Number of protein chains: 2
Amino acid sequence: MISILEVPKKYLDIMAAGISLKELALELKLAPSTVSRALNDSYEISEETKKKVIRMAEKLNYHPNQFARSLRENKSKTIAVIIPERINNFFAQVMDGIEDIAQEQGYHLLVYNTHEDVDREKKIVNLLLNGRADAVVMSVSSQTSDISHLQKLYDRGLPLLFFDRICSEIPTTKFITNDYESAYDGTKHLIQQGCKKIAFLMISKELSITKERYRGYVDAINEAGLSAEPTLSLNCCMAEEENIKLITDMLWSENRPDGIMASVEKLAFATYQAVKRTKIRIPEDLKIISFSNTAIAGLLNPSLTTITQPALTIGQECAKLLIGKLTKPKHYDLINQVITIPSKITIRSSTVAE
Amino acid sequence: MISILEVPKKYLDIMAAGISLKELALELKLAPSTVSRALNDSYEISEETKKKVIRMAEKLNYHPNQFARSLRENKSKTIAVIIPERINNFFAQVMDGIEDIAQEQGYHLLVYNTHEDVDREKKIVNLLLNGRADAVVMSVSSQTSDISHLQKLYDRGLPLLFFDRICSEIPTTKFITNDYESAYDGTKHLIQQGCKKIAFLMISKELSITKERYRGYVDAINEAGLSAEPTLSLNCCMAEEENIKLITDMLWSENRPDGIMASVEKLAFATYQAVKRTKIRIPEDLKIISFSNTAIAGLLNPSLTTITQPALTIGQECAKLLIGKLTKPKHYDLINQVITIPSKITIRSSTVAE
DNA sequence: CATTATTTCGCAATCGTTTCCGTATTTTAA
DNA sequence: TTAAAATACGGAAACGATTGCGAAATAATG
């Protein structure tokens with residue numbers, strides 16, 4: 001039994017910087033291949049030798065070089081996650097869900113924020129084409145129309161999964177929520193609360209989620225015998241002040257809405273800001289419902305009626321499937337399917353007066 | 001000029017999977033070393049050869065293998081970011097700041113969430129000891145008292161930076177905000193608004209930020225001739241419902257406070273939830289100020305007076321210094337210093353009645 | 001005891017890129 | 001014209017871990 005004080009002197013200087021497997025093997029008077037097999041618990045090595053190797057590795061503070069390992073094994077146990085926006089409750093929760101499973105399975109997360117910019121997205125994807133991440137999970141940026149960069153990633157054979165904002169053309173698995181039904185139910189709720197002119201607020205009409213949410217809104221409107229007027233569909237952008245202005249203009253227009261279906265959380269917040277500058281009362285004069293994952297919807301003034309997406313679950317399911325595919329490729333496949341996990345409506349004071 | 005239709009047939013099958021530098025060199029009838037130099041714009045290779053190599057690389061869809069490169073160069077152009085919590089406006093903004101600079105400089109981010117768990121933190125740090133990230137930026141988890149794992153990382157020679165929740169024992173650069181002054185000014189504001197019994201809400205008294213914020217609170221209290229009573233210092237935890245209960249108990253106690261300095265955002269939210277279950281009015285009966293980076297403080301009920309930390313700037317400055325150290329080690333050093341970037345107080349309705 | 005089977009290890013190659021050092025060719029200067 | 005300098009490339013080694021295949025030693029069987 002070698003005590004810590006008896007670490008061979010020649011290694012004291014390099015212990016901090018780290019020693020290689022070869023140096024460890026020299027010290028043990030074994031072949032590097034034997035040491036490697038011992039550390040990786042190979043059946044080919046005796047228990048006695050394994051114990052000896054592990055003991056010495058700890059004593060000499062040996063840590064395998066991940067670069068060498070990745071090159072040899074052609075994998076890094078890393079998943080790249082590409083999101084369009086970081087300061088966003090939904091994406092943060094998805095990230096947490098992904099990481100729950102990833103950490104559990106020894107996977108690392110490379111995280112990239114496209115800032116809703118397709119050129120950034122393309123650049124990021126390009127950097128992932130050969131050795132860095134074993135798989136990619138992503139939500140498409142709002143500007144993405146040409147998907148050739150995603151096709152290239154897919155053709156490379158890298159496992160690729162979409163969530164939320166999906167890309168239908170790529171034949172892989174997508175995790176979404178029931179955007180259509182949720183928007184439909186949300187709009188129905190507004191109608192049940194007496195709204196006659198319901199506006200739909202959106203960012204980027206071409207996004208998969210926007211299209212579905214708009215469809216649900218339109219169907220609920222039509223079914224109630226109301227009309228989905230073009231002036232009640234407001235296409236916003238990423239700049240908060242610009243959105244506040246657009247919404248303010250709409251609130252001052254002749255066709256002023258008495259209900260608002262916000263397709264994303266930031267538009268509900270912009271509406272709240274716009275309303276604060278008017279005499280309009282929520283919910284008496286204007287009722288608001290929004291897709292939102294904020295934990296403090298109940299603390300807003302007034303508390304916000306929300307359609308909460310199953311972000312954490314989506315993240316966990318994405319990671320489970322991807323890591324399953326990576327670790328047990330015979331049992332898991334990324335088939336061309338859409339998996340839907342339903343959202344939940346929570347009624348609060350922005351649509352129902354207390 | 002070789003057109004796309006004239007890509008050598010033998011490479012069509014493997015183009016999707018990718019070709020190696022060696023295969024590219026064979027096609028060009030050049031040595032792999034020449035091709036490498038040409039692609040890396042080395043002065044040793046003629047312009048003519050460079051152009052020829054670049055053209056063929058594009059035609060054959062060549063992407064260098066990052067694993068091989070990292071092994072040879074002993075770097076991955078990756079920075080590991082370790083945060084205690086993801087669903088948190090402050091940390092999300094710091095992350096965005098880090099990524100602004102990192103993306104610009106061609107660096108990638110590995111992101112790890114410790115969930116305030118020191119064992120997780122230790123495990124993560126251990127995985128970063130040999131080949132994966134070139135540097136580490138981190139905010140210590142609330143449970144971290146034994147820092148041997150951080151010392152080990154530091155001894156390894158890996159550049160290590162702290163922000164917000166720092167570790168003083170490690171001789172490196174730390175980025176913080178003026179926790180003491182901000183808490184002092186915030187408490188003074190409560191006193192100026194007439195508060196006589198001010199409670200201090202905190203999570204994890206041993207954290208660097210908690211200590212400094214508490215010190216500021218105590219000094220402002222003492223300076224005003226008030227007393228910092230132990231029952232007015234509430235040590236909370238990570239579970240929201242537990243915090244709501246603790247705060248509710250305090251609001252019903254004989255020593256009920258008329259002012260609250262919340263050292264972190266989640267405690268302000270818990271206070272709002274607790275107050276909602278009482279007849280207490282904010283700010284008439286109880287004034288609240290909190291460290292918080294939420295963008296929607298103005299939409300709360302009532303709008304929250306906040307001490308906003310310069311999160312984005314902290315992130316950017318961290319990344320600048322780290323990447324400077326990594327790319328120009330002669331010009332940049334991680335000296336043992338604390339760099340303070342001040343926070344900003346924004347007065348709103350939780351402390352000043354409209 | 002001799003042969004066969006099993007266990008336990010070792011040699012050498014692999015992975016793909018970069019870079020040291022040398023060689024051949026071309027250009028320049030005496 | 002010859003020698004020296006500059007240019008432009010090539011061969012080989014390095015980086016550190018893993019794994020295919022073979023050799024040596026030990027155990028089991030006839």
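Residue numbers start from 1 in every chain, and the chains themselves are labelled A, B, ... in the order their sequence lines are given, proteins ahead of strands. Keep in mind it's a predicted model, so treat the numbers as computed, not measured. Both backbone and side-chain heavy atoms feed into the values below; hydrogens, waters and symmetry mates do not.
On the nucleic acid side, DNA chain D has its first and last nucleotide under 4.0 Å of a heavy atom of chain A at D:dG16 to D:dC21, going 5' to 3'.
Put simply, B:Asn65 has no side-chain N or O that comes within less than 4.0 Å of OP1 or OP2 on C:dC15. Proximity of A:Thr49 to the phosphate of C:dC9: a side-chain N or O atom is located under 4.0 Å from OP1 or OP2.
When heavy atoms are screened at a 4.0 angstrom cut-off, A:Ser70 is found touching no nucleic acid atom at all. Backbone-only engagement by A:Asn40 is indicated by non-hydrogen atom pairs under 4.0 Å involving sugar-phosphate atoms exclusively. Using a 4.0 Å heavy-atom distance criterion, B:Leu21 is classed as a base contact. Across all strands, B:Ser46 comes closer than 4.0 Å only to sugar-phosphate atoms, never to a base (heavy-atom distances). Using a 4.0 Å heavy-atom cutoff across all strands shown, A:Ser20 reaches sugar-phosphate atoms only and no base atom.
Projected onto DNA chain D by closest heavy-atom contact, A:Ala68 and A:Arg37 fall at different nucleotides, the more 5' of which corresponds to A:Ala68.
Summarising the geometry, the separation between CG on B:Leu39 and P on C:dG16 is reported as 16 Å, rounded to the nearest angstrom. The interatomic distance linking B:Glu73 (CD) with C:dT17 (C1') rounds to 8 Å, in whole Å. Atom-to-atom, CZ of A:Arg72 to C1' of C:dA12 comes out at 12 Å; the value is rounded to the nearest Å. The distance between atom CG of A:Leu30 and atom C1' of C:dC11, rounded to the nearest whole Å, is 14 Å. Taking atom CG of B:Asn74 as the reference point, atom P of C:dT17 lies 18 Å away to the nearest angstrom. Going from atom CD of A:Glu48 over to atom P of C:dC9 covers 8 Å, rounded to whole Å.
When the nucleotides C:dT17, C:dT19, C:dT14 are ranked by their closest atom to the side chain of B:Tyr62, C:dT17 comes out on top.
Between A:Asp164 and A:Lys174 there is no salt bridge, since none of the side-chain N atoms of the basic residue sits less than 4.0 Å from a carboxylate O of the acidic one.
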Go through it in stages, so that I can follow the logic: the residues are B:Arg69 and B:Asn65, the test is side chain to side chain contact (heavy atoms under 4.5 Å, CB included), and I'd like the CA-CA distance, side-chain angles, deciding distance and then a yes or no. CA-CA 6 Å; B:Arg69 194 171 208 163; B:Asn65 183 295; over 6 Å; no
Stepwise side chain to side chain contact (heavy atoms under 4.5 Å, CB included) check, B:Glu121 with B:His149: CA-CA 9 Å; B:Glu121 189 179 276; B:His149 60 299; 2.9 Å; yes
For B:Ile323 and B:Tyr107: C-alpha separation, side-chain torsions, deciding distance, then whether side chain to side chain contact (heavy atoms under 4.5 Å, CB included) applies. CA-CA 8 Å; B:Ile323 292 174; B:Tyr107 273 77; 3.8 Å; yes
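Defined by atom type and a distance below 3.5 Å, a donor-acceptor pair is missing between the side-chain atoms of A:Asn113 and B:Glu99.
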